[in-house]
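Comments concern the structure below.
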Amino acid sequence: MYQTPKGFNDILPEDAPYWRHVTATAERVASLYGFERIDTPIIEFTEVFERGAGQGAAVVVDKEMYTFQDKDGASLTLRPEFTAGIMRAYLEHGMRVRPQPVKLYTLGPIFRHENVQAGRFRQHTQWNVEVVGEIDPAVDFEVMSIAWSLFSELGFRGLSFQVNSIGCPDPACRPRHLAALVAYFAAYRGQLNEIDRRRLDVNPLRLLDSKEKESQPLLDAAPRSIDYLCDSCRQHFQALCGYLDWAALPYEINTRLVRGFDYYTKTVFEVWAEGIGAQAAICGGGRYDGLVELLGGPPTPGIGFGSGVERLIAALKEQQVQPPALLKPTVQVSYIGKGEIGQQAKQAALGLVRELRQAGVGALLPFGDRSLKSQLKTADKAGVAHVVIVGEGELQSGQWTVRSLADSSQQAVARAELIAWLAAQQ
RNA sequence: GUGACCAUAGCUCAAUUGGCAGAGCACCUGGUUGUGGCCCAGGAGGUCGUGGGUUCGAGCCCCACUGGUCACCCCA
């Protein structure tokens, strides 16, 4: 028996209401904030993601990307993220001549070859928001606000922001912090376990969100990035926190919140929700003022976030949020009779269903010439309100039977008035 | 990439020490001509995830692979 490849999932009809809830709400909120939709290809030249990731992370990135060679020899990659592709589009289509900042959102699948665990798959769907071309901290606030609006509208309760600033590449900023961080942990090198010793050598910032037992006692006194910010970054962060205070959005300054890639600057944030295992974050984002330059463009500030739809849905279920029901047909047209009469009744039912749908009334037709009993069972399970019954008697009199499933009442309605009658019941 | 646990019908699960593959739910059909939900009866649905091995004999024991769950690594 065939199975889906590891980490790839079918999305079954049972989950459709959740998907509609999330995607429809995202679209609505985005338009409320004046964000415009962009859709980039699922495949980009591998270089877009490699250059975007920067040299340090390239090894890691290569390992987790679905990269393949096209028939003409080009190296292509299934997008492992949205931001790099959107920045490529920003440059390719000269979006810097549009009014700045450019506010974009997108929704679609991304692919990473990683091992599955709760809320993590090899293909997952992400809602992604980017604001490009403006460094004003009010933009950071705007991006966090739209995330907040989405999650509130979806029905989440008890959400909170985690915020931090990791500074910028200016020698007076992050490099100073990194040096202090390395010096601090190097002094305790003997206490670190193997994993954290490697972090110290490879990606010291990551020590700050280490889960290793041995390191926990060291974390409280570890140098915090917010204490090493340059003037520009400090003012930026203070302004952002000021806006968050003013809007009364609940947030916590989390000095251990970091990012793994070099192009991130200043603001990093997440939104956390309870109840989905180790993956508490339902949204992660940050400012990436260095990215566009890495891709060969002019210095261009940007900030954005991504939010995994599968994870959102899992969290919604965890919080027992009921998505709105999808629209369903409200009428079934059943046909009965044997032989010639049966075929006439079926044809008549076909005609009524067609007219109902044209009139905007959702209608179902039972197939396979089943017994009326069976057809009523089907109607009951489909949840329709009315069953129209057409058989020999109805064909002769022109008065068709309409059964209301709620109270089992039946009445005769003239065929000519049926459409209007049923439409009025909705 | 690492580790733990797991895989029998569409779903949830049984199957004594290795000895004839089962139940409930769901599905289909009936319970006299054209009436749903409840009930009753019947039917269909499985090469026991796949491939090897041990054995007279494997759903059960061993190995590999695939997939699932969870955690680590990593996290764009």
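In terms of position on RNA chain B, the residue among V258(A) and S210(A) whose nearest nucleotide sits closer to the 5' end is S210(A).
Side-chain proximity of S371(A) to the nucleotides rG67(B), rC75(B), rG30(B) is greatest for rG30(B). For K6(A), counting side-chain heavy atoms from C-beta on, the closest listed nucleotide (rG68(B), rA76(B), rG34(B)) is rG68(B). Distances were taken from every side-chain heavy atom of N115(A) (C-beta onward) to each of rG34(B), rC72(B), rA76(B); the shortest belongs to rC72(B). Of the candidates rC74(B), rA76(B), rG34(B), the closest approach to any side-chain atom of R198(A) belongs to rC74(B). You'll find that the side chain of R370(A) is closest to rC28(B), out of rC28(B), rG67(B), rC74(B). Side chain of A118(A), nearest nucleotide from rG67(B), rC72(B), rC70(B): rC70(B). Taking only side-chain atoms of R112(A), from C-beta outward, the nucleotide of rC74(B), rC75(B), rG34(B) with the closest atom is rC75(B).
Only the C1' atoms considered, rA21(B) is 13 Å distant from rA58(B), to the nearest whole Å. Only the P atoms considered, rC6(B) is 15 Å distant from rA64(B), to the nearest whole Å. Taking atom C1' on both nucleotides, rC27(B) is separated from rU12(B) by 16 Å, rounded to a whole Å. Here the separation of rG10(B) from rG19(B), taken at their P atoms, is 25 Å to the nearest Å. One P atom belongs to rG49(B), the other to rG30(B), and the distance between them is 35 Å to the nearest Å. Nucleotides rA7(B) and rG59(B) are separated by 15 Å at their P atoms, to the nearest Å. One P atom belongs to rG68(B), the other to rU8(B), and the distance between them is 14 Å to the nearest Å. Comparing the P positions of rU17(B) and rA4(B) gives an interatomic distance of 27 Å, to the nearest angstrom.
The separation between K63(A) atom NZ and rC74(B) atom C1' is 7 Å, rounded to whole Å. Across the protein-nucleic acid pair, Y335(A) atom OH and rU35(B) atom C1' stand 16 Å apart, rounded to whole Å. The interatomic distance linking R199(A) (CZ) with rC73(B) (C1') rounds to 8 Å, in whole Å. For R311(A) and rC70(B), the CZ to P distance is 11 Å, given to the nearest whole Å. Taking atom CD of Q3(A) as the reference point, atom P of rC48(B) lies 15 Å away to the nearest angstrom. Going from atom CD of Q411(A) over to atom P of rG34(B) covers 23 Å, rounded to whole Å. If you measure from atom NZ of K377(A) to atom C1' of rU35(B), you get 12 Å, rounded to the nearest angstrom. K338(A) places its NZ atom 13 Å from the P atom of rU32(B), with the value rounded to the nearest Å.
Between rC74(B) and N203(A), no contact under 4.0 Å exists linking OP1 or OP2 to a side-chain N or O. Close to rC70(B), at under 4.0 Å from its OP1 or OP2, lies no side-chain N or O of R120(A). OP1 and OP2 of rU35(B) both lie 4.0 Å or more from every side-chain N or O belonging to S334(A). Using a 4.0 Å cut-off, some side-chain N or O of R206(A) falls inside it from OP1 or OP2 of rC75(B). In terms of phosphate contacts, R259(A) brings no side-chain nitrogen or oxygen within less than 4.0 Å of OP1 or OP2 of rC75(B).
Residues D227(A) and R176(A) are not paired through a salt bridge, judged by the lack of any N-O separation under 4.0 Å between the basic side chain and the carboxylate. Ion pairing between R189(A) and D196(A) fails under the 4.0 Å rule for side-chain N and carboxylate O.
No hydrogens or angles were tested; on distance alone, a donor-acceptor pair under 3.5 Å links the side chain of K373(A) to the base of rG31(B). Side-chain atoms of Q375(A) stay outside donor-acceptor range of the base of rU35(B), with no qualifying N/O pair under 3.5 Å. For rG68(B), its base never sits under 3.5 Å from the side chain of Q117(A) at any donor and acceptor pair.
For Q343(A) (side chain) and G339(A) (main-chain N/O), no donor-acceptor pair under 3.5 Å exists by modelled atom type. Between the side chain of R174(A) and the main chain of C230(A), no donor-acceptor pair closer than 3.5 Å is present. Without hydrogens or angle criteria, E310(A) side chain to T125(A) main chain gives a donor-acceptor distance under 3.5 Å. Within the 3.5 Å criterion, the main-chain N or O of D289(A) finds a donor-acceptor partner in the side chain of T265(A). In this structure, the side chain of R403(A) does not engage the main chain of I389(A) through any donor-acceptor pair within 3.5 Å.
Taken together, the paired segments of RNA chain B that extend over three or more consecutive Watson-Crick or G-U pairs, each closer than 3.5 Å at both contacts, are B:1-7 with B:66-72, B:10-13 with B:22-25, B:27-31 with B:39-43, B:49-53 with B:61-65.
Tested against F161(A) for a ring-ring contact (aromatic ring centres under 6.0 Å, His included), the candidates F141(A), W148(A), Y251(A) yield a single pass: W148(A).
Nucleic acid contact for S374(A): sugar-phosphate only, since backbone atoms but no base atoms lie under 4.0 Å from a heavy atom of the residue. V387(A) comes within contact range of no nucleotide atom at all, as no heavy-atom separation falls under 4.0 Å. Using a 4.0 Å heavy-atom criterion, one finds that I110(A) contacts no nucleic acid atom at all. The residue E212(A) sits close only to the backbone: its heavy atoms come under 4.0 Å of sugar-phosphate atoms, none of a base. Across all strands shown, G7(A) has heavy atoms under 4.0 Å from sugar-phosphate atoms exclusively, and none from any base. Residue contacts shown for G306(A) are absent, as no nucleic acid heavy atom lies under 4.0 Å away. Note on K381(A): only backbone sugar-phosphate atoms sit closer than 4.0 angstrom, heavy atoms only; bases stay farther off. The residue Y264(A) sits close only to the backbone: its heavy atoms come under 4.0 Å of sugar-phosphate atoms, none of a base.
Within the cation-pi definition used here (under 6.0 Å to the ring centroid, within 45° of the axis), K317(A) qualifies as a partner of Y18(A).
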Run T83(A) and E130(A) through side-chain hydrogen bond (donor to acceptor under 3.5 Å, both in side chains) and show every step you take.
CA-CA 8 Å; T83(A) 310; E130(A) 314 282 355; 2.8 Å; yes

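With a 6.0 Å radius and a threshold of 12 heavy atoms from other residues, nucleotides or ligands, L12(A) has its CG atom above the threshold.
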